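This structure is a prediction, so every number in the text was calculated from the model and none was measured.
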Amino acid sequence: MSERTALGARLQEIVAEEAAAMRGVREILGQESAALLARDVGALPGISNSKADAVARAADLGQQRQALLQENVDPAQGGVVTSALAQLRALALECRQLNEANGLMIRSQRRRLEGALNILRGGQPGVDVYGRDGAATQPRRLSRGPLAAW
């Protein structure tokens with residue numbers, strides 16, 4: 001087997017491993033979504049750690065792929081690699097969309113929680129106030145004090 005053919009075969013192998021890693025990320029993002037919907041706070045740290053490990057693995061494989069693409073790969077391998085890379089891009093896009101949806105759920109739940117805490121602390125519900133610099137400022141307190149003090 002020539003060196004170019006060996007590089008092409010290794011590239012195919014890495015792309016297949018990277019696709020498997022991305023499918024793993026997608027699965028973990030699904031678990032994260034389910035935990036967020038169920039408000040299973042206890043599951044989130046483990047899922048977050050798993051997600052970080054899976055993303056790191058996929059990123060490492062992506063770096064290996066990029067390094068091999070710098071090599072002179074056998075053009076006969078191009079069609080197979082091109083198809084695998086297209087599938088990999090589709091997986092990456094799907095993972096990105098799932099991650100963004102999960103982030104949106106997290107931000108939404110956080111806003112609801114902050115609003116509830118604001119009410120309990122005696123502030124106005126759901127009022128976001130921003131200063132001239134665009135930074136959030138503390139909401140105005142009601143004159144009665146915290147709800148717990150009533």
(message) Hydrophobic clusters here meaning ILVMFWY residues chained together by side-chain heavy-atom distances under 4.5 Å, can you tell me if Val55 and Leu91 are in one?
(response) no
(message) For the backbone of Leu29 and the side chain of Ser33, can you confirm whether one donor and one acceptor N or O come within less than 3.5 Å of each other?
(response) no
(request) Could you tell me the separation between the CG atom of Asn99 and the NZ atom of Lys51, rounded to the nearest 0.5 Å? (result) 4.5 Å
(request) Give the minimum heavy-atom separation between Ser50 and Ile28, together with the two atoms involved. (result) O-CD1, 3.6 Å
(request) For a side-chain hydrogen bond (donor to acceptor under 3.5 Å, both in side chains) with Gln64, tell me which candidate from Glu17, Arg10, Glu13 qualifies. (result) Arg10
(request) I would like to know whether Leu88 and Arg65 meet side chain to side chain contact (heavy atoms under 4.5 Å, CB included); could you show each step before the answer? (result) CA-CA 12 Å; Leu88 187 58; Arg65 174 178 42 84; 3.8 Å; yes
(message) Let me confirm one number: the CG-CZ distance from Asn102 to Arg107, rounded to the nearest 0.5 Å.
(response) 10.0 Å
(message) Test your reading of the model: is there a side-chain donor-acceptor pair from Gln109 to the backbone of Leu36, 3.5 Å cut-off?
(response) yes
(message) Hydrophobic clustering (ILVMFWY, side-chain heavy atoms < 4.5 Å, transitive) - are Leu37 and Leu44 grouped together?
(response) yes
(request) Quick one: pull up CG in Leu93 and CE in Met22 and give me the separation to the nearest 0.5 Å. (result) 9.5 Å
(request) Measure the spacing between CG of Leu117 and CG of Leu113 and express it to the nearest 0.5 Å. (result) 4.5 Å
(request) Taking only Lys NZ, Arg NE, NH1 and NH2, and the carboxylate oxygens of Asp or Glu, determine whether Arg57 and Glu18 approach each other closer than 4.0 Å. (result) no
(request) Would you name the heavy atoms of Ala35 and Ile47 that are closest together and state the gap between them? (result) CB-CD1, 3.9 Å
(request) Quickly, which of Arg111, Arg112, Arg110 forms a side-chain hydrogen bond (donor to acceptor under 3.5 Å, both in side chains) with Glu114? Name it, please. (result) Arg110
